[in-house]
Structure formats: C-alpha cells, structure tokens
*Asks:* 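Structure provided below as structure tokens; questions to follow.
Every chain is numbered from 1 and lettered A, B, ... according to where its sequence line falls, protein lines coming before strand lines.
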Protein chains: 2
Amino acid sequence: MSVKVSSDDFTEQKILSKIAQLYYVDDLNQQKIAAKLNISRTKVSRSINKAKQSNIVSIKINSPLEKFIELESALEKVFELKECLVVPSNEDPAQVYGNMAVLLAELLDRLLDDGDMLGIGWGATLKNISASLVPLKKMNIKMVPLLGGLGKVGIEIHTNSVSSMLGQKYGGLSYAIHSPAVLDSRQAKEIMEKDSGVSEIFKLCEKIETALIGMSDLGEDSTLIKTGNFSIDDFKYLEGLGAAGDVNLIFINEEGKEIKNKLDERLLRMSPERLKKVKNVIGAAFGPQKIRVMLGALRGEFINILLTDENTAIELIKNA
Amino acid sequence: MSVKVSSDDFTEQKILSKIAQLYYVDDLNQQKIAAKLNISRTKVSRSINKAKQSNIVSIKINSPLEKFIELESALEKVFELKECLVVPSNEDPAQVYGNMAVLLAELLDRLLDDGDMLGIGWGATLKNISASLVPLKKMNIKMVPLLGGLGKVGIEIHTNSVSSMLGQKYGGLSYAIHSPAVLDSRQAKEIMEKDSGVSEIFKLCEKIETALIGMSDLGEDSTLIKTGNFSIDDFKYLEGLGAAGDVNLIFINEEGKEIKNKLDERLLRMSPERLKKVKNVIGAAFGPQKIRVMLGALRGEFINILLTDENTAIELIKNA
DNA sequence: TCATATAATGCACATAGTTTCAATAATTTT
DNA sequence: AAAATTATTGAAACTATGTGCATTATATGA
C-alpha cells in the first residue's frame, strides 16, 4: 500500500513538473500542453496552480533594485499603503534627495493629469527633493500650499517657495498663501482664515486629490526651531503630551493619534480631518530621528504613499 | 544628457521590477496593478513582457525530478518527439524497469481510452516493464501483437505473453497471433499471412493508433540469438549491410534508414510504412549497447514517444 | 522652428486562462 | 458489499491577458 502511494506521488510530481516546465520554460500555452499530453486544458490550468502552490515553480525578480522592491512590497502590506517607494541609503543626503526626486517625478507623472492640483506641505526634505526634481513631462498642474508660511525671509523652506519651484518646473500654476502658518493668537488666526486670499486657497484644498507632505520630529535641530516659529519650550510641551512630531503641522504620537494641544488654535493648516480625506497623500522622509513620527503618520493613516530610503524602510518594518 | 538617460533607465527598470513583483510575487492581476499604479492595463501587460524579456523575471522549476524533465524537454526538441520520459539510471535494471513501468502507466492512462487498441512489439525491455506495470485504472483496451511469435516455449518473451499480461492487468482483451515471426521461406510467410486468424490481427493493426515497441541491437547477447530465431551469421550479414538493430523486426541503420535485406520476405510483422502511420509509437529501451539503434529509430521517426533512462538520454543528446 | 520619422499609448477586439457546476469516479464508513 | 461521502473531471461561462490599429506624443533632422 505504501509503495503504491509513493509511486502515485512520484507520478503526480512528475506530471506537475513536466507541465510547469512546458508552460514556464518552454513557453507552450495551456491549449498546446493539453493537446501534447492528451489531457484537458482545465487540468493543465489546475496542474499549473498546484505546481505553483507546492513550490515546484519558483519565480524570482532579478534586478539590482530587487531589495528595494521587496522593502516596498513589505511596507505596502504592513501599513496598507497604496504605494511605497524606497531609494538606496547614502551618507550624502543630496544623493538620497536626488534619487527620491527621480522616483517622485515618475510617481507624479502617474498620479497627476493636466488640470489637477497638487497640495504642498512643508519641510527641508520636500524642499530638497523638489529642488532636484526633473518632471517627466510638462503638465498644467496647480500647486496649492496646505499651510501658511514658515520661516523668515531668507530661510527658504516656506511652502510658497516649494510650490513655486514645482510650478515652474512643471510649467504649471502655483498659488501662494499670504499668511504665516503660526499666528500669535487664536483671534489672529481666525482673521487670517477669513482673508479672501487665504480662504480661497483653503477652498481649493477641499478639492485636492493628491498631496505631498513632509514629516518632522521634535529634535532641537528641527527646522521649526531654526525658523523661530516654535521655541524649545513649545517642543518640550508637545513632547510632554506624547507627541513624536508633526505631519503638516498636525502633531501626532508614535501610535498615530493626533495630539491636540494649545498651539493648534493658532495654526493655519489643512485640518487632520480633511487631510485624511485626500486620495493620495505622499509622505517623504528618511533618517533615524524621523522613525517615530513616520510610524505615527503610517499608523494613523495620515499618509498612504511613502517615499523613503532603505535604512529607514528597514527600521519601519522592524517596528511595525 | 547622459545623466538624464541613466535616470530614465533607472526609472524604467524600477517600474518594470515593481510591476513584475506585484504580478508574479504578490499575485495581483494586471487590472489591479494598473489601478494601483494609475497606468493602463495594456501598459501593465506590455511591461510584464518587457520584464520577462529583459530577464528581470526568472522562473525555475524546483523538483528532484528537474534534471529528468530537462532531459525530456531537450530530447523532445532535438528529435521532434511528441513526448519523452526519462527515469533515473540504476545499476539494478529491475529498478529501471520499475520506474519505467510507473511512467508508462501514467502515459497509457493519458493516451488510451476505453475501447482503444494498443499494439505490442517485442523485446526483453517490454516484457520486464509490462511485468511491473500497475495500471492507474482498469480500461477495456485491446492488446494487439504487431508481429508473430518469437522464442521457444519456455522463453517467454514472445509478443503473445506481453499482450496477455497487459490485457489481464488492464482488465481488457488480448489478441494472440498464432504464427512465428520468422518463417522458413517466403512461401511459408505468404501462407501464414493468409491464415484467417493471422490476417484478422493484421487487419486490426491497420486501425491502431498507439503502439508500444522495443528496440534491439545486433550484439551476440541479443534475445533474437538466444531464442534461436536468428543466427550469428544472420547478424553478421545484417551488420555488413550497415544495420544497427531493429524496431519491431524492421532493421535500420544509425541514420534511421531502413536496411532492406533477404530476411525481410520471411518476417511476419507490421510493415515500416504502416508503423510510421501510427499516431503514437512508444519506444522503450536503455543501455549503451542500444544507443545506435535508438538513434536510428529516433532519426528515422519510427518512434515518436521515447521512454528511457538518464544515462541513455544523455548519450542520445550528445550524438544528436 | 517646423516638418518628418519614430515610438508610446489606449481602445476594441482576439486569444488565453480560470471557475463554476453537474456528473462521474474514488474513497470511506456502515 | 452497499451506502454515504469526498475528490476529480471536463464543458461552458466567465475573467484575464495579449495584440492590431488608429491616435497621440516624442525624438530627429532640416
């Protein structure tokens, strides 16, 4: 009896391997295999599936980019992302920005059509990527800032400059927001909100389907401190509340929960509720200090497309 | 300029690898990949092809039987066979016969249906394979000898015994031919041919679509000598004409040409012309001494399905 | 810069592959 | 050994994939 079973297994494996070979290696179609082996096409189809499931067939992607692709697939699955793009890590951040720019150009080419709007967040990463981005083709897209200006004149990280740079490169239009992102009082913010120019932009934001945002940590080196918009005490206060950083000036913790705080009422930026409704939110960031805020942005689903580097990708997966 | 080209290549390879990964590894269909990446389904299809052609995708068959499958594919191509089956070589011929029997059972299961006829040739190989064959399922098939009897009573290699053994195993019918294969004179052969029993069988032969035959060399150990049907002088005479051996008592050289000879008119067997019309002719043989006659049978297209062992398969490919 | 050649794109159709379902065959249980 | 259960099968309906062709976009050369 056992002899019979083992010869059945042998026979089965033989025929599965043979069919797999004919299909995948010799490139016959299922119809031809069926005719050749005198079996039904249905059986060929089922045998191929069986061969795949029993690992008789192994398919591999051979590419120098393979490891990045695998990281991307893993992150897409773990954080339920629409898409993830990973570039090689490099000691020289300029290299990383450059590679990110190449992938971002390809991504935007797929995501945007003539007439579409692109929401723009803030951050050094965004600024640097945008600087080296070369559009695949010109498009009549409209750049819309998602928050007020940050930084003083001369420190060009404010959203308007990123918007206008991208607008110029794409040959499209860029809107400017004529208000700071951080105001002195709730009253001041409410007044700015009602300003016709500002409110027009926030009205446009309602229709945005694609946005590009950065993620920032609360370290002392943070651009927010450098620009003078926030003090070290502000950061300590936010850390005390459990914040890990911000996405588009929305402060969040590592778990992805928004950290409501006393500063919120003075911030002029797209609301968390609205941001979560945007179809494609591309978040770009890398580096060990960003891990916590990135985890928050991913877990809280503030972003659904991630652009990062290899080392950061590995860390994110470890902590997933 | 060169920078732009290389980043285009990078971008292209990236997207091809990504699509290939999604398709082959993550098992998304083309429609879903298209939706995910915001491109047309057509483009996905074309990208997958490009990825295959540029060897980004490599497909391998993993199976302990892989090397046999590869030999089979190679032989099928080189000799334009309908099918080829290769079993592991083994010092113990009984093991080889056993494995051949397993594959033959599976083959016959595919080739034959209820009511079909199976033509049976002669030879020690056939006898031994048939002895260990276990049918996959019972079938009402009819065994028809393709030549007269060989050997004396007690030396059971004559076709009738192979036929009846297989007939019993399959639960089918086996015809017996009541005449020797080698007669004393042309007249004797012509008389036997007219015998009602014999002519009935040769009439059945006309309708045969599947046949199982052996291939025999002209060595002194050949069964034909042992049975006394041929003398060493006969063999020397045939060798002198360039014969390498026989398929169903049709003498052929290494190139596949039939060697007409003075013995032919005394042989009672299916004609070469008729044999070549049979849809499926399964030839089974192995061993170094058989190489020449097997090459002839393959090149002369006397057989279109080959059943052999690994070492013989390798030799055949070397000499192809 | 414009005209021309060349390549990329997506639609509509053609081909290929999978799944459902009803029938048949194999297996297990009684 | 008969009955009940489970697995296998192939035809047909469905889904997925590939391709020819007209169109649009891109590159090339005058």
*Asks:* Check the surroundings of atom NZ in A/K277: do more than 12 heavy atoms from other residues, nucleotides or ligands lie under 6.0 Å from it?
*Replies:* no
*Asks:* In whole angstrom, give the distance that lies between atom CG of B/N29 and atom P of D/dC14.
*Replies:* 18 Å
*Asks:* Are A/S45 and C/dT18 close enough that a side-chain N or O sits under 4.0 Å from OP1 or OP2?
*Replies:* yes
*Asks:* Select from A/R41 and B/Q31 the residue whose nearest nucleotide in DNA chain D is closer to the 5' end of that strand.
*Replies:* A/R41
*Asks:* Ignoring the backbone of B/T42, work out which of C/dG10, D/dA11, D/dT17 is nearest its side chain.
*Replies:* C/dG10
*Asks:* Which one, C/dG17, C/dA12, D/dG10, comes nearest to the side chain of A/K43?
*Replies:*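 Looking only at side-chain atoms, A/K43 lies closest to D/dG10.
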*Asks:* Assess the residue pair A/E106 and B/K14 against the criterion (salt bridge (Lys or Arg N to Asp or Glu O under 4.0 Å)); give the C-alpha distance rounded to whole Å, side-chain angles, the decisive distance to 0.1 Å, and a yes or no.
*Replies:* CA-CA 10 Å; A/E106 193 272 332; B/K14 185 85 207 290; over 6 Å; no
*Asks:* Angle between the end axes of the helix from C/dT1-D/dA30 to C/dT30-D/dA1, five pairs per end, to the nearest 10 degrees?
*Replies:*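 Here the helix ends are tilted 40° relative to one another.
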*Asks:* If I take atom CD1 in residue B/I19 and atom P in nucleotide D/dT17, what distance separates them, rounded to the nearest angstrom?
*Replies:* 13 Å
*Asks:* Between atom CD1 in A/I33 and atom P in C/dT15, what is the gap in whole Å?
*Replies:*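 Result: 19 Å.
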*Asks:* Tell me the interatomic distance from A/E12, atom CD, to D/dT9, atom P, rounded to whole angstroms.
*Replies:*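 Rounded to the whole Å, the gap is 9 Å.
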*Asks:* Can you check the A/K50 NZ to C/dT18 P distance for me, whole Å?
*Replies:* 15 Å
*Asks:* Ignoring hydrogens and geometry, is there a side-chain-to-backbone donor-acceptor pair from B/R41 to B/A34 under 3.5 Å?
*Replies:* no
*Asks:* Want to settle it: does B/L28 or A/K137 sit nearer the 5' end of DNA chain D, counting the closest nucleotide to each?
*Replies:* B/L28
*Asks:* Have a look at B/S40 and say if it touches a base, only the backbone sugar-phosphate, or nothing, with a 4.0 Å heavy-atom cut-off.
*Replies:*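 Answer is sugar-phosphate: B/S40 comes under 4.0 Å of backbone atoms only.
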*Asks:* Tell me whether the side-chain N/O atoms of A/Q30 come closer than 4.0 Å to OP1 or OP2 in C/dT18.
*Replies:* yes
*Asks:* Between B/K276 and B/F302, is NZ or CZ placed under 6.0 angstrom from the six-membered ring centre and within 45° of the ring axis?
*Replies:*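 Yes; both conditions hold, so B/K276 lies above the ring face of B/F302.
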*Asks:* Around atom CD of A/E80, are there more than 12 heavy atoms from other residues, nucleotides or ligands closer than 6.0 Å?
*Replies:*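 Atom CD in A/E80 is not crowded, with 12 or fewer foreign heavy atoms closer than 6.0 Å.
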*Asks:* Just checking B/K36: does its NZ atom have more than 12 heavy atoms from other residues, nucleotides or ligands closer to it than 6.0 angstrom?
*Replies:*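 Atom NZ in B/K36 is crowded, with more than 12 foreign heavy atoms closer than 6.0 Å.
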*Asks:* Taking the side chain of A/Y23 as heavy atoms from C-beta outward, which of C/dG17, D/dA11, D/dT17 is closest to it?
*Replies:*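 Closest of the options to the side chain of A/Y23: C/dG17.
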*Asks:* Can you check the B/D27 CG to D/dT15 P distance for me, whole Å?
*Replies:*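 Going from CG in B/D27 over to P in D/dT15 covers 19 Å.
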*Asks:* Please pick, from C/dA16, D/dT17, D/dA11, the nucleotide with the shortest atom-to-atom distance to any side-chain atom of A/R46.
*Replies:*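 Nearest listed nucleotide: D/dA11.
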*Asks:* For B/C84 versus B/L75, what's the shortest heavy-atom pair and its separation?
*Replies:* SG-CD1, 3.6 Å
*Asks:* Taking CD1 from B/I39 and P from D/dT17, how many angstroms apart are they, rounded to a whole number?
*Replies:*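 After rounding, the gap between these two atoms is 13 Å.
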*Asks:* Rounded to whole Å, please give me the gap between CG in A/N49 and P in C/dT20.
*Replies:* 12 Å
